[in-house]
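For reference, the structure is listed below as structure tokens.
Letters A, B, ... are given to chains in the order of the sequence lines, protein chains preceding strands, and every chain is numbered from 1. Computation of the quantities below employed the complete heavy-atom set of this structure, encompassing side-chain atoms and omitting hydrogens, waters and symmetry-equivalent molecules.
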There are 2 protein chains.
Amino acid sequence: MGRPAKFNREQLKAAALALVDEQGLASLSMRTLAAALGTGAMTLYNYVETRQDLEILVVEAVMADVRWPKAMPGDWREEVRVIATALWHAVRSHPQVIPLILTRRSRTPAVFGAAEALLRALARSGRAGHELLVAFRAVSALLIGMAQAELAGPLTLQAGESAEETVARFRALPQETYPRLIDIATVATESSAEAEFHATLDLLIEGLAAERAPARGRRQRGSKAVSADRMQARR
Amino acid sequence: MGRPAKFNREQLKAAALALVDEQGLASLSMRTLAAALGTGAMTLYNYVETRQDLEILVVEAVMADVRWPKAMPGDWREEVRVIATALWHAVRSHPQVIPLILTRRSRTPAVFGAAEALLRALARSGRAGHELLVAFRAVSALLIGMAQAELAGPLTLQAGESAEETVARFRALPQETYPRLIDIATVATESSAEAEFHATLDLLIEGLAAERAPARGRRQRGSKAVSADRMQARR
DNA sequence: ACCTGAACACCGTTCAAGT
DNA sequence: ACCTGAACACCGTTCAAGT
């Protein structure tokens, strides 16, 4: 007894991310990761509860290097922009992991830290309680949604498809039924994910600024007494 | 030769969706679906190319029943709201399929039709070309992102966790480091996905309305000549 | 405490043989 | 043309035996 550990979670994390980055998500399995570490599959279970647990580890590895300046320039809009962009860049630098990011959830200091920073920035717009939650959800959703668009957007290239082929695919649709869709598909091939992300984020931030209507009350902070009156069934 | 087909894609589609709805996504396999149809696994390959193909079929099944009124009430904002909400409801009514929706892409008339309708509504805000693309991306991303939030949101309940347990989990975090995160976690347990979706959508629509700045030129329609000047590297 | 091979109950898919 | 069983090369994970 008292046998010294051969590995640790940090090593698995790094090896798993490297494997996914280099060989793709499909290449990750308990057996392949073990082989990459020079051991048997069962050894991994000393560090990881299940395969899902391993996948969460990979997501954590990606989110771990989100960095943003703590001293913030300018107003809250710029602060929101910087933090959201930092998160987006972290996700984008490991495109193979995106399906896991969409699908697994990591509860790690890196993510919590970014969330808290984002909340702090959004709170500077004058929001608290449910309004702050909504603002946070909106920015998060946009981020995740734009990451997903990169993976499988209806207008982006398919795997191994050229821009010309994509346009051709859309042009093959009935022109009278989908005029705007066909048009936009053409535009999309000349656009960049980076530009689109910033433009959509600006759109949302514009909304956050516009809706910061002064006289609406209900601005107490740290309260659980946020009323639910405006919350129900809008249509 | 000339042997009559025992099934068709439509039947597989319906059976697969029913299986996922009732038994969960993990229960879907070529073998289980075949068994549900009373045949062997290999028979399915007469209708479906691969397992991925089958998964896309399931996504199509979900998107197939998106419905929205063709005659639109009120202004373009209301129109955007109605279409986005219709899409969101379709997704939400099959929560087990969400991971597939996030991860696979369906190119089906139902989805194209909804996209075209959304584009038409957004175009009424005075957008065309790249601006229209951005508006479309933003609404789509918000939709997808809010669907994902339901699956794995950092503030929502974990599987089989009560609201109290969620709050407790967040309260266990260091209060000085994550004051707003802890606060918002409490607020989230009293909120509803429906209310949050509508609120975030309104936020974005507000931004779409605010950014509809008049004198900015470049409004030609159906053109591929949308310039890329404002598109590059914002920061 | 940690390591690990054998084994089990699954997968998706190829192949070859049927009608 | 469509059907289908056998087989192959994988999975994640349990178990039991090791140190």
Side-chain angles (χ1 to χ4, degrees), chain A residues 1-20 22-61 96-97 99-100 103-106 159-160, chain B residues 1-20 22-61 96-97 99-100 103-106 159-160:
Chain A
M1 55 197 74
R3 186 165 174 173
K6 221 168 143 185
F7 306 105
N8 57 53
R9 272 175 81 93
E10 222 51 44
Q11 283 173 284
L12 295 224
K13 194 187 285 197
L17 179 57
L19 188 63
V20 171
E22 288 158 26
Q23 320 257 21
L25 191 53
S27 79
L28 179 67
S29 79
M30 301 301 277
R31 282 166 159 97
T32 57
L33 178 59
L37 287 165
T39 186
M42 284 304 119
T43 301
L44 302 186
Y45 285 89
N46 292 304
Y47 305 96
V48 129
E49 214 129 291
T50 154
R51 192 225 149 105
Q52 254 212 45
D53 193 20
L54 177 64
E55 291 179 349
I56 291 173
L57 223 56
V58 175
V59 175
E60 285 183 8
Q96 305 271 24
V97 187
L100 292 188
T103 256
R104 311 276 167 227
R105 177 82 327 192
S106 69
Chain B
M1 57 196 70
R3 186 164 175 174
K6 222 168 141 185
F7 306 105
N8 57 52
R9 273 176 79 92
E10 222 50 44
Q11 283 172 285
L12 294 226
K13 195 187 284 197
L17 179 57
L19 188 62
V20 172
E22 288 159 25
Q23 320 257 20
L25 192 52
S27 78
L28 179 67
S29 79
M30 301 302 277
R31 282 167 160 95
T32 57
L33 178 59
L37 287 165
T39 185
M42 290 331 296
T43 300
L44 302 186
Y45 284 89
N46 292 304
Y47 306 95
V48 131
E49 213 130 291
T50 154
R51 195 227 147 101
Q52 255 211 46
D53 193 20
L54 177 64
E55 292 179 349
I56 291 173
L57 222 55
V58 174
V59 175
E60 285 183 9
Q96 306 270 22
V97 187
L100 292 187
T103 256
R104 312 277 166 226
R105 178 82 328 192
S106 71

Review point. Does the side-chain contact (heavy atoms from CB on, under 4.5 Å) test come out yes or no for B/L28 and B/R51, once each step is laid out?
Key: CA-CA 10 Å; B/L28 179 67; B/R51 195 227 147 101; 4.1 Å; yes
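Contacts with DNA chain C (heavy atom under 4.0 Å) in residues 39-53 of chain A: A/T39, A/M42, A/T43, A/N46, A/Y47, listed by number. Contacts between residues 22-33 of chain A and DNA chain D, defined by a heavy-atom separation below 4.0 Å, involve A/S29, A/M30, A/R31, A/T32, listed by number.
Across A/L12 and A/Y47, no two heavy atoms sit closer than the pair CD1-CB, 3.9 Å. In this structure, B/S106 and B/I56 approach most closely via the heavy-atom pair CA-CG2, 4.3 Å.
Remark: C1' of D/dT4 and CG of B/L37 are 15 Å apart, rounded to the nearest angstrom.
Within the 4.0 Å cut-off from OP1 or OP2 of C/dT4, at least one side-chain nitrogen or oxygen of A/K6 is found.
For the side-chain hydrogen bond (donor to acceptor under 3.5 Å, both in side chains) test, no residue two or more places apart in sequence or in another chain qualifies with A/S27. With sequence neighbours left out, A/S29 forms a side-chain hydrogen bond (donor to acceptor under 3.5 Å, both in side chains) with A/T32. Applying the salt bridge (Lys or Arg N to Asp or Glu O under 4.0 Å) test to B/E60 and every residue at least two apart in sequence or in another chain returns B/K13. Residues passing the side-chain hydrogen bond (donor to acceptor under 3.5 Å, both in side chains) test with A/Q23: none are found, sequence neighbours excluded. B/R9 meets the salt bridge (Lys or Arg N to Asp or Glu O under 4.0 Å) test with B/D53; sequence neighbours excluded. Remark: B/Q96 pairs with no residue by the side-chain hydrogen bond (donor to acceptor under 3.5 Å, both in side chains) rule, at least two apart or across chains.
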Got a list of side-chain donor-acceptor pairs under 3.5 Å for residues 33-40 of chain B, not counting sequence neighbours?
unit_1 : atom_1 : unit_2 : atom_2 : d
B/T39  : OG1    : B/T43  : OG1    : 2.9

Review point. In dot-bracket form, how is DNA chain D paired, counting a Watson-Crick or G-U wobble pair only if both its distances are under 3.5 Å and using | for bases paired to another strand?
Key: ||.|||||...|||||.||
